[in-house]
Amino acid sequence: MVRAGVPMQPNQYRDARLDKLEKLKALGLDVWPRKAQRTHGLAELAATYADAEAWPNEKLEGLGLSVSVMGRVLTIREMGKSVFAHLTENGEKVQAFFRMNDMSEAAWETLKLLDMGDFISVTGPLMRTKTGELSVRVKELQFLSKALLPLPEKWHGLQDKEQRYRQRYLDLISNGDVLKTFQTRSRIVSAVRRFMEEQGYLEVETPMMQPIPGGATARPFITHHNALDMDLYLRIAPELYLKRLIVGGFEKVFEINRNFRNEGLSQRHNPEFTMMEFYAAGQDLRDMMALTEGLVSSLAKDVVGSETLPWGEQEISYAAPFRRLTMKDAIAEYGHLDRHLLEDGDCVRTFAKAAHIEDVEKKTVGTLLGDLFEHYAEKQLIQPTFITDYPIELSPLTKTLEGDDRFVDRFELFIGGMELANAYSELNDPIDQMGRFQAQMDERESGNDEAMLLDQDFITSLEHGFPPCGGEGIGIDRLVMLLTNSASIRDVILFPLMRPHSAERGESPAKQEDAT
RNA sequence: GGGCCCUUAGCUCAGCGGUAGAGCAGCGGCCUUUUAAGCCGUUGGCCGCGGGUUCAAAUCCCGCAGGGCCCA
């Protein structure tokens with residue numbers, strides 16, 4: 001737990017460190033220097049001389065090389081007239097070896113004012129200790145930043161989840177895997193961009209503040225623009241804007257950015273989350289499938305290092321091709337239901353009641369199929385599986401299947417029991433699209449406040465001509481969860497949404513008097 | 001939204017009606033190749049917050065706050 005104001009309250013740790021800070025100042029040292037003395041990055045140094053056989057102690061000492069590296073002090077082992085400390089930077093560790101005989105008397109005195117958590121720079125020759133650990137034999141010590149507060153416990157790290165999320169920096173410092181996970185996230189996002197660019201896609205940016213929130217079914221966040229005196233919505237999806245770009249002549253576009261959905265939090269949901277959406281003129285669902293398999297399997301192999309990765313107690317194979325299953329086949333298989341009976345609306349209703357789905361009488365057969373799928377199949381789809389042939393009611397922006405206009409040419413990709421991606425052969429008939437919006441408006445009338453809103457300007461853009469087009473969204477946070485074996489979305493979002501403590505919670509900004 | 005669980009020292013955790021504890025960290029000693037260094041000594045607490053029950057509450061009951069897990 002984090003109590004309001006703790007860091008400012010005097011405590012024995014802070015007081016002791018303030019005292020040391022004063023002593024350093026009294027010695028005439030610049031305690032907050034403007035620049036660190038460094039000749040090498042710590043990681044670079046560790047990597048270059050990691051090999052103990054290629055770089056035995058004699059060879060290292062023989063180099064006649066004096067290095068300066070900076071890092072945060074993680075541990076200190078005092079042994080009278082010699083001291084060992086581990087410095088860390090960017091997840092790498094290098095040991096500093098301080099020996100009274102190696103240092104000036106003044107430098108040795110300042111060493112007594114060193115605490116765990118401080119940033120320092122050490123200068124001296126490289127060496128290897130008796131046990132073979134690469135170390136800097138310190139001749140000079142420069143203080144770069146004095147930590148006034150103590151680090152979490154060095155062995156167990158920071159365990160309290162609440163504090164880990166609220167003070168992520170402490171989590172990153174003291175739990176090594178956490179830093180690694182977020183470094184992997186960066187590499188994944190960067191590899192995704194590279195992959196898309198190699199496929200000829202251009203990255204674009206479209207509005208995050210929209211007058212009509214479209215492209216998905218979800219409750220939006222509302223905000224207000226003062227000068228224009230109009231309400232705006234944080235986007236729930238960029239879809240309708242990216243499609244306008246296809247109308248405008250872009251062949252292939254993608255966007256990686258945040259979407260906002262005003263819904264509950266869970267292990268798989270954060271109100272703001274990162275999505276990649278992309279559209280390719282002239283393509284259809286099959287092309288989207290091929291691209292998705294290529295992307296996901298190459299990320300597993302090239303970024304993480306294997307096409308088979310652990311997922312909790314299980315293993316997931318990311319080798320292409322992924323399994324393909326229609327929604328009805330998935331319901332039949334995982335619900336152990338007779339596949340033929342799913343063609344019969346009354347039977348579907350009976351199954352839905354048996355599965356304790358709510359408001360069965362009010363819902364259409366297509367909606368119930370979606371519910372049954374969620375109920376029976378979704379969580380069990382651990383290995384990558386494309387689910388196809390979605391009911392039209394659930395898919396207002398998708399072309400129907402050839403020869404069956406109750407279903408649409410859409411897939412969702414499930415991995416680890418989670419929806420990872422959602423793709424369509426995009427509906428490009430403006431008349432049909434208008435009808436679908438009408439149906440959504442009717443839904444909304446009858447109380448479904450997640451039904452889509454009519455975006456007339458989007459319809460107008462379609463009327464100017466929208467080519468056949470494949471489109472898809474991939475949830476980046478969930479992708480990172482899968483590739484880093486993280487059970488919660490909060491473990492792959494640096495600063496997940498948290499409710500403030502009541503003591504810290506002021507008046508809601510939205511309710512405050514307008515300061516302008 | 002419903003259910004279950006958690007909140008004790010800076011951190012990791014015991015204690016579950018009868019004097020608030022341990023390890024790490026801190027402080028003071030010893031120790032010139034340590035690896036969670038070791039050894040000796042020692043400081044540190046609104047036991048999340050507010051009510052109640054009781055001779056007595058960290059412990060039992062109720063409410064509130066924050067968090068976690070499961071279900072919808």
Side-chain angles (χ1 to χ4, degrees), chain A residues 1-20 23 52 56-57 60-61 73-88 93-103 108 111-118 124-138 147-167 169-171 173-176 219 263-269 312 355-359 371 374-375 378-379 417 487-491 496-505:
Chain A
M1 62 269 105
V2 181
R3 281 175 219 92
V6 159
M8 301 321 289
Q9 279 170 358
N11 63 47
Q12 60 174 331
Y13 300 94
R14 197 160 183 275
D15 289 347
R17 286 163 183 246
L18 281 171
D19 188 53
K20 289 178 185 172
K23 284 179 177 151
N57 186 46
L60 279 174
E61 304 240 40
V73 177
L74 265 196
T75 56
I76 300 174
R77 292 176 292 282
E78 248 186 292
M79 304 200 44
K81 296 186 178 62
S82 68
V83 174
F84 294 87
H86 270 126
L87 301 191
T88 182
K93 269 195 285 191
V94 165
Q95 183 169 256
F97 178 33
F98 304 86
R99 216 164 53 143
M100 200 172 78
N101 294 4
D102 292 336
M103 306 171 71
W108 182 253
L111 181 60
K112 292 180 181 153
L113 302 171
L114 184 67
D115 283 303
M116 286 188 271
D118 291 351
L126 283 172
M127 59 166 286
R128 212 169 270 286
T129 62
K130 241 195 254 178
T131 55
E133 178 161 359
L134 182 69
S135 308
V136 176
R137 184 191 295 278
V138 181
L148 299 181
L149 294 171
L151 290 177
E153 217 249 7
K154 63 185 171 189
W155 185 238
H156 299 94
L158 188 62
Q159 294 300 320
D160 183 54
K161 286 201 178 182
E162 181 174 355
Q163 198 173 351
R164 288 181 46 208
Y165 298 145
R166 287 189 198 279
Q167 292 181 280
Y169 48 92
L170 292 179
D171 192 25
I173 292 167
S174 56
N175 299 328
R219 263 183 285 269
E263 296 173 344
L265 288 74
S266 83
Q267 292 214 73
R268 291 173 213 77
H269 298 88
H356 305 292
I357 286 162
E358 289 180 359
D359 301 327
D371 290 346
E374 230 179 85
H375 183 261
E378 188 166 331
K379 290 232 164 58
S488 170
I489 197 167
R490 291 186 199 101
D491 294 329
L497 185 68
M498 299 287 278
R499 190 195 289 262
H501 282 265
S502 55
E504 297 157 1
R505 197 166 13 184

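Chain identifiers are assigned alphabetically (A, B, ...) following the order of the sequence lines, protein sequences preceding nucleic acid strands; residue numbering begins at 1 within each chain.
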*asked:* Run the side chain to side chain contact (heavy atoms under 4.5 Å, CB included) test on A:M100 and A:L111 for me, step by step, so that the C-alpha distance in whole Å, both residues' side-chain angles and the decisive distance to 0.1 Å come before the verdict.
replied: CA-CA 10 Å; A:M100 200 172 78; A:L111 181 60; over 6 Å; no
*Do the non-hydrogen side-chain atoms of A:L149 and A:R14 ever get within less than 4.5 Å of each other?*
yes
*Compare all side-chain heavy atoms of A:R17 with those of A:P150 and state whether any distance is below 4.5 angstrom.*
yes
Quick check on [N]: is either OP1 or OP2 less than 4.0 Å from any side-chain nitrogen or oxygen of [X]?
{"X": "A:K20", "N": "B:C27", "answer": "yes"}
{"X": "A:R14", "N": "B:A25", "answer": "no"}
{"X": "A:R490", "N": "B:G67", "answer": "no"}
{"X": "A:Q267", "N": "B:C69", "answer": "yes"}
{"X": "A:Q163", "N": "B:G67", "answer": "no"}
{"X": "A:K154", "N": "B:A25", "answer": "yes"}
{"X": "A:R499", "N": "B:G67", "answer": "yes"}
{"X": "A:R77", "N": "B:A37", "answer": "yes"}

Measure distances between side-chain N and O atoms of [X] and base N and O atoms of [N], and say whether any donor-acceptor pair falls under 3.5 Å.
{"X": "A:Q95", "N": "B:U34", "value": "yes"}
{"X": "A:Q159", "N": "B:U12", "value": "no"}
{"X": "A:T129", "N": "B:U34", "value": "yes"}

Say you pick atom [atom1] in [N] and the same atom in [M]; how far apart are they, in whole Å?
{"N": "B:A25", "M": "B:G1", "atom1": "C1'", "result": "43 Å"}
{"N": "B:G28", "M": "B:U34", "atom1": "P", "result": "25 Å"}
{"N": "B:G2", "M": "B:G26", "atom1": "C1'", "result": "46 Å"}
{"N": "B:C62", "M": "B:A57", "atom1": "C1'", "result": "15 Å"}
{"N": "B:C60", "M": "B:G15", "atom1": "C1'", "result": "16 Å"}
{"N": "B:G48", "M": "B:U8", "atom1": "C1'", "result": "10 Å"}
{"N": "B:A20", "M": "B:G44", "atom1": "C1'", "result": "13 Å"}
{"N": "B:A14", "M": "B:C24", "atom1": "C1'", "result": "15 Å"}

*Of A:V73, A:T75, A:D118, the residue whose pairing with A:L87 passes side chain to side chain contact (heavy atoms under 4.5 Å, CB included)*: A:V73
Can you measure [X] atom [atom1] to [N] atom [atom2] for me and round it to whole angstrom units?
{"X": "A:R164", "N": "B:G10", "atom1": "CZ", "atom2": "P", "result": "21 Å"}
{"X": "A:Y13", "N": "B:U43", "atom1": "OH", "atom2": "P", "result": "13 Å"}
{"X": "A:Q12", "N": "B:G45", "atom1": "CD", "atom2": "C1'", "result": "11 Å"}
{"X": "A:E374", "N": "B:A72", "atom1": "CD", "atom2": "P", "result": "10 Å"}
{"X": "A:L18", "N": "B:C27", "atom1": "CG", "atom2": "P", "result": "13 Å"}
{"X": "A:M116", "N": "B:A25", "atom1": "CE", "atom2": "P", "result": "6 Å"}
{"X": "A:L497", "N": "B:G68", "atom1": "CG", "atom2": "P", "result": "11 Å"}
{"X": "A:L134", "N": "B:U34", "atom1": "CG", "atom2": "P", "result": "17 Å"}

*With a non-hydrogen cut-off below 4.0 angstrom, is A:M127 in contact with a base, only sugar-phosphate, or nothing?*
base
*Could you tell me whether A:G157 contacts a base, only the sugar-phosphate backbone, or nothing, with contacts defined as non-hydrogen atoms closer than 4.0 Å?*
sugar-phosphate
_Between A:Y165 and A:K130, which residue's closest nucleotide on RNA chain B lies nearer the 5′ terminus?_
A:K130
*For A:S488 and for A:S82, locate the closest nucleotide of RNA chain B by heavy-atom distance; then report the residue assigned to the nucleotide nearer the 5' terminus.*
A:S82
Is there a Watson-Crick or G-U wobble partner for [N] with both distances under 3.5 Å, and which nucleotide is it?
{"N": "B:U7", "result": "B:A65"}
{"N": "B:G1", "result": "B:C71"}
{"N": "B:G41", "result": "B:C27"}
{"N": "B:U34", "result": "none"}
{"N": "B:U54", "result": "none"}

Between [options], which nucleotide has the shortest distance from any of its atoms to the side chain of [X]?
{"X": "A:M498", "options": "B:U34, B:U32, B:G67", "answer": "B:G67"}
{"X": "A:R99", "options": "B:U32, B:G68, B:A37", "answer": "B:U32"}
{"X": "A:K81", "options": "B:U32, B:U35, B:C27", "answer": "B:U32"}

*Would you confirm whether A:T131, through its side chain, and A:T129, through its main-chain N or O, come within 3.5 Å as a donor-acceptor pair?*
no
*Return the set of residues passing side-chain contact (heavy atoms from CB on, under 4.5 Å) with A:A355 (not counting sequence neighbours), or none when no residue passes.*
A:I357, A:L372, A:H375, A:Y376
*State the CD-CD1 distance between A:Q267 and A:I489, to the nearest 0.5 angstrom.*
10.5 Å
*Looking just at side-chain N and O atoms, do A:Y165 and A:D491 make a donor-acceptor pair shorter than 3.5 Å?*
yes
